[in-house]
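Whatever order the structure lists them in is the order used to number ligands and atoms, beginning at 1.
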Amino acid sequence: MGQLLQHFLLKGLLFLILSHFLTQCVSSVLRSCLDSERSALLRLKDSFILNQSASDDTLAYPKVSSWKLEGQVGGNCCSWDGIECDDNTGHIIGLDLSSSFLYGSINSSNSLFQLHHLRRLSLSNNDFNGSEIPSAIGNLTRLSRLDLSWSGFTGQIPYEVLQLSNLVILDLSWNQLELRNPSLKSLSERLLNLKHLDLDRVNVSSTIPQSLANLSALTYLSLVACELHGKFPTSFANLTQLTYLWLPGNEFNPDTLSWLAKLTKLTSLNLDSTNSSGDVLYSLKNLTKLIYLDLSLNQIFERIPSWFGNLTGLIILHLGGNEFWGSVPQSIFTLKNLVELDLYGNHLSGTYKLETFLNLKKLKMLQLSSNHFSLLTTTVIDVTFPKFTLLTLASCNLSKFPDFLLSQDELEVLDLQDNKIHGFIPKWIWGLSAQTLHVLDLSENFLTGFDLPIVVPQWINLKLLDLRSNMLQGPLPIPPGSIEQYFVSNNLLKGEISSGICNLTSITVLDLSNNSFSGMLPPYLGNLSKSLSVLDLQNNNFSGLIPRTCEKGNTLRMIDLSQNQLNGHIPRSLVNCNMLGFLNLGNNQIEDTYPSWLGRLPELRILILRHNGFHGAIGEPKSNEFPKLQILDLSFNKLTGCLPSRHFQILRAMKVVDLGKLRYFEVDVSFVGRETHWPIYFSYSMTMTKAGVELKYEKIQDFLVAIDLSSNKFDGYIPKDIQILQALQFLNLSNNFLSGPIPPSLGNLSNPQNLDISQKKLSGEIPQELVQLTFLGFFNVSYNQLIGPIPQGKQFGTFGNNSFEGNQGLCGNPLSKKCYPGGLSPQPSSLSKKDDGEDSWFQFGWKAIMLGYGSGLVNGLILGYLFNPMKHKLFVKYFGRQIQSRRKGRMN
Ligand SMILES: *[C@@H]1O[C@H](CO)[C@@H](O)[C@H](O)[C@H]1NC(C)=O
Ligand SMILES: *[C@@H]1O[C@H](CO)[C@@H](O)[C@H](O)[C@H]1NC(C)=O
Ligand SMILES: *[C@@H]1O[C@H](CO)[C@@H](O)[C@H](O)[C@H]1NC(C)=O
Ligand SMILES: *[C@@H]1O[C@H](CO)[C@@H](O)[C@H](O)[C@H]1NC(C)=O
Ligand SMILES: *[C@@H]1O[C@H](CO)[C@@H](O)[C@H](O)[C@H]1NC(C)=O
Ligand SMILES: *[C@@H]1O[C@H](CO)[C@@H](O)[C@H](O)[C@H]1NC(C)=O
Ligand SMILES: *[C@@H]1O[C@H](CO)[C@@H](O)[C@H](O)[C@H]1NC(C)=O
Ligand SMILES: *[C@@H]1O[C@H](CO)[C@@H](O)[C@H](O)[C@H]1NC(C)=O
Ligand SMILES: *[C@@H]1O[C@H](CO)[C@@H](O)[C@H](O)[C@H]1NC(C)=O
């Protein structure tokens, strides 16, 4: 936030100066325009539709509406809006149609390209519907200024642009353009008069050409996210006239920016996400004219240099997302002009009075979250405190709500997550910045309740309220009707859900999990499902029937009602949940037949019905059932009949092994505000019985493939075709009435880590083929009627007695009963297809994962445990904001 503002302020200024010029010209114009050019303009006007959504600038208006023959100015097109004529010849030399609601395609036949005398052309902020830049642009050889930014152009920039050798200003930013043939190199070899070059978001995908340094007149160079890479030519030191240099979002080689030291005229420098290291700091010492400095999201592992205090002109200072350490030098607090100070996500430490920061009276944005700060709150109420719009003080060891917040009436984002604030939420919070507040995060504190009587929240624009992981008691507080995301999980809230919740018609995320709410679920949950994408009510005391939840046209992606006391049938309306990926109804008292109709949900990836009263046989599947299912947990029910072997054949998603990416099952419910982006990924969580123990997983790797059919009443044989599920990592068939032999084909599974088939009636030998299961971490066949030698070698060496006990006929290690006289056993390796088990770990891309997250992974089937979920969240929070601030969307 703010970067864009600054960007546009600068651009806007330029625009104002130019339009001032234009107005001056127009008022002094006496000449009438030429007939041919007038008719070209009228045809130009007719070639587009006026469409309000084509320009998103608040000052936009349809300039061409004033272009008509009748009326006061009549046919003199020199006085039409956006037109500038030459005083002497009457030729049109300037055309400014920026932000004019123009919508439609444009090509070289457009009459625009007959205006050969044009020197200045701006079509910025319209929507040319994905047109390519017409090659006829090359005919306008007199152009000195060309602005086609934000206008929906696509494709390769035409070669003809290189004919415009008089160009001084060229702005092609924020389209979907490519600059490869011609390349940035040829452009910088031909357009030698350029002073202002803006190619933001143009896909250049090359190294920086040496020839760019030829453009010695450049004062403004902006190359945001151009897919540039490699070394910076040290020649760049010749661009001494530069005042504005933006390079964010390009992956340069580190330490190739020393030439910056020579650019002493720089006022605005943005190196966000450029792969820069600490060395870059030394190049900045002499840049005393800097107003804007952004070094966010790099790998700077340094103290904040105290000479930053010499950059007295600084208005914007962004250092977030680096590895700055040590204390904040006092000199920073002398930068009285600072409007934005961002230190988010570093390793900075120290104890500071909050006033120290508040003495920077011009601050509007302050980000101190995720360092090792301790902030001492102030009791002084000073009317001259800065008025913040964005304030993030997460993990700052605050012990109470800072009083100065009382004076804040312009806040849009307030983040106090993970502090040590105890006690009641004071009443005044409910009216804090009532008109402006969009995001309020008070999660992970020690808040116990609300200062009574509960005041109705006065926020009219609040979109996100996060009260997770406190100690809140009492009934559910109902947020204002504007709310989109509401999180109150992990508190001590109780009672029934008030009907006020049905007024939340914009809500997309409702997370009430891990509280003590009781009573029936509100019958109108279905109404909310039109906007909801996440409904998480797990681990409460809700009882009664599950209401209709999925109205037609719903967007639900996740429903978790597990660990309640819900009963009755599953509502058949669930079949309308076309986008549902996760359904967890486990640990309730649902009495229903096996809901095979859920197989019609096209996006369902995880289905958990464990610990209920599901009964009956599973039956024959339809061929297209469960196209994306990866995790199926039907354990602890009363299901009967044969194991669903045909199901094993059709579960398509389970057959594909994809271990390449480290991702979780999650729903992207990121909050997108006017200027902010607050990435939130809502992770699926679940409980599984692993190695005989119930474990709760807060996050689930999205490559996990698991079937748990244990503790039912299935009978018959273990089907041979289970091996078709190549991706299966977890299989639990224990505690059924299965009988007969263990199929040798189980040995063909490529990577199960858990195999539990303990029963009462399995017979025959344990197939030697199972030795090939090198991933196997848990194996249990206890209490059956198995006979013969236990396979030896590989993982089998790691299983203890209890994996095999209770089988009279088994012999060999680890049991004391020997199989052969003298203890000899057959050579297991002759049966192994893969000689080196470790190779198979790596061939699916596990290596990268292991390097990143350490050896704990070997046993960590589900990686949620290994992560500090909070760190993860904070990082993405920050990162996303950065990306978003470069997104299309403009100020002014
Ligand atoms: C207006 O423009 C938007 C895109 O900018 C387009 O999606 C929409 O269809 C247009 N409407 C009309 C009526 O042309
Ligand atoms: C926009 O582009 C689409 C696809 O190329 C085309 O079908 C449509 O007619 C265009 N609309 C206008 C108004 O030019
Ligand atoms: C250019 O656009 C006009 C309409 O604006 C269309 O009639 C003409 O066919 C197009 N020419 C080409 C070469 O696509
Ligand atoms: C542009 O220039 C080319 C070559 O000089 C010419 O053939 C073409 O007609 C011109 N186009 C327009 C629109 O003037
Ligand atoms: C840019 O172009 C390169 C080369 O064609 C391509 O690989 C890359 O995906 C493009 N980047 C974007 C963001 O489109
Ligand atoms: C930089 O400028 C110097 C002196 O004007 C000149 O000799 C040198 O060739 C220039 N370097 C580049 C890469 O343009
Ligand atoms: C900064 O300026 C001083 C004096 O003008 C000069 O001696 C020094 O070399 C410059 N530093 C860098 C890194 O260029
Ligand atoms: C910063 O300013 C102080 C006082 O003007 C001066 O003594 C010091 O040398 C300056 N530091 C740098 C690195 O320019
Ligand atoms: C729902 O909103 C309406 C209109 O704003 C209000 O009158 C009603 O009291 C609200 N219902 C509840 C239960 O809060």
Side-chain angles (χ1 to χ4, degrees), residues 37 39-56 60 62-65 67 95 97 99-115 121 123-140 148-161 172-187 198-209 212 222-230 246-252 272-275 297 660-661 677 879-880 882-889:
E37 294 192 344
S39 95
L41 285 180
L42 289 171
R43 273 179 287 135
L44 167 65
K45 171 183 175 180
D46 286 343
S47 66
F48 299 110
I49 302 167
L50 294 181
N51 176 338
Q52 296 247 1
S53 55
S55 308
D56 54 7
K63 294 185 185 161
V64 295
S65 296
W67 294 9
L95 180 58
L97 291 178
S99 304
S100 298
F101 298 142
L102 300 182
Y103 174 64
S105 306
I106 182 169
N107 62 28
S108 285
S109 326
N110 197 290
S111 54
L112 168 68
F113 302 105
Q114 290 162 16
L115 304 173
L121 173 62
L123 301 176
S124 164
N125 195 22
N126 292 289
D127 185 353
F128 296 106
N129 194 21
S131 302
E132 295 192 2
I133 297 177
S135 57
I137 194 81
N139 291 31
L140 306 181
L148 303 180
S149 60
W150 300 91
S151 287
F153 284 108
T154 61
Q156 172 62 44
I157 293 168
Y159 199 77
E160 286 76 4
V161 165
L172 303 176
S173 62
W174 298 95
N175 291 286
Q176 290 174 46
L177 292 166
E178 294 170 13
L179 184 62
R180 278 199 291 276
N181 186 24
S183 60
L184 182 57
K185 179 168 183 287
S186 37
L187 187 128
D198 192 337
L199 298 177
D200 293 356
R201 272 298 161 115
V202 173
N203 188 346
V204 179
S205 70
S206 76
T207 53
I208 307 273
L212 202 55
S222 192
L223 300 170
V224 177
C226 289
E227 310 241 334
L228 292 164
H229 49 85
W246 276 40
L247 302 170
N250 296 291
E251 290 273 310
F252 299 118
D272 177 346
S273 308
T274 46
N275 208 14
L297 290 167
K661 296 169 233 117
H677 184 247
F879 186 69
Q882 295 291 311
I883 297 294
Q884 189 62 19
S885 63
R886 294 186 214 120
R887 114 202 124 98
K888 176 165 180 173

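- The closest donor-acceptor contact from the side chain of D200 to the backbone of S173 lies at 3.5 Å or more, if one exists at all.
- Closest to atom 13 (C) of ligand 5 among all protein heavy atoms lies E227 OE2, 3.3 Å.
- Scanning the protein heavy atoms around atom 6 (C) of ligand 2, the nearest turns out to be N129 ND2, 4.2 Å.
- Of all atoms in ligand 2, listed by their number and element, those nearer than 4.0 Å to a heavy atom of I49 are 13 (C).
- The G104 neighbourhood of ligand 2 comprises atoms 13 (C), 14 (O), with distances under 4.0 Å to a heavy atom of that residue.
- A donor-acceptor pair shorter than 3.5 Å can be found between the side chains of S205 and R180.
- Atom 9 (O) of ligand 5 lies below 4.0 Å from none of the non-hydrogen atoms of the protein.
- A side chain to side chain contact (heavy atoms under 4.5 Å, CB included) with L184 is found for one member of I208, V204, I157 and no other, namely V204.
- Taking every heavy atom of R180 and a limit of under 4.0 angstrom, the matching atoms of ligand 5 come to 1 (C), 2 (O), 3 (C), 4 (C), 5 (O).
- Among L44, N51, D46, the one residue that satisfies the side chain to side chain contact (heavy atoms under 4.5 Å, CB included) test with F48 is L44.
- Applying the 4.0 Å criterion to heavy atoms of N107 picks out, from ligand 3, the atoms 1 (C), 2 (O), 3 (C), 8 (C), 10 (C), 11 (N), 12 (C), 14 (O).
- Although no hydrogens or angles enter the test, the distance criterion places a donor-acceptor pair under 3.5 Å between the side chain of Q156 and the main chain of N181.
- Separating the CD1 atom in I106 from the CG atom in L123 is a distance of 6.0 Å, to the nearest 0.5 Å.
- In this structure, atom 2 (O) of ligand 3 is in close contact with the protein, since a protein heavy atom lies within 4.0 Å of it.
- Counting the atoms of ligand 5 from 1 in the order shown, those under 4.0 Å from a heavy atom of N203 are 1 (C), 2 (O), 3 (C), 8 (C), 10 (C), 11 (N), 12 (C), 14 (O).
- Within the 4.0 Å heavy-atom cutoff, Y103 counts among the residues contacting ligand 2.
- In this structure, Y103 has its ring center at least 6.0 angstrom away from the ring center of F128.
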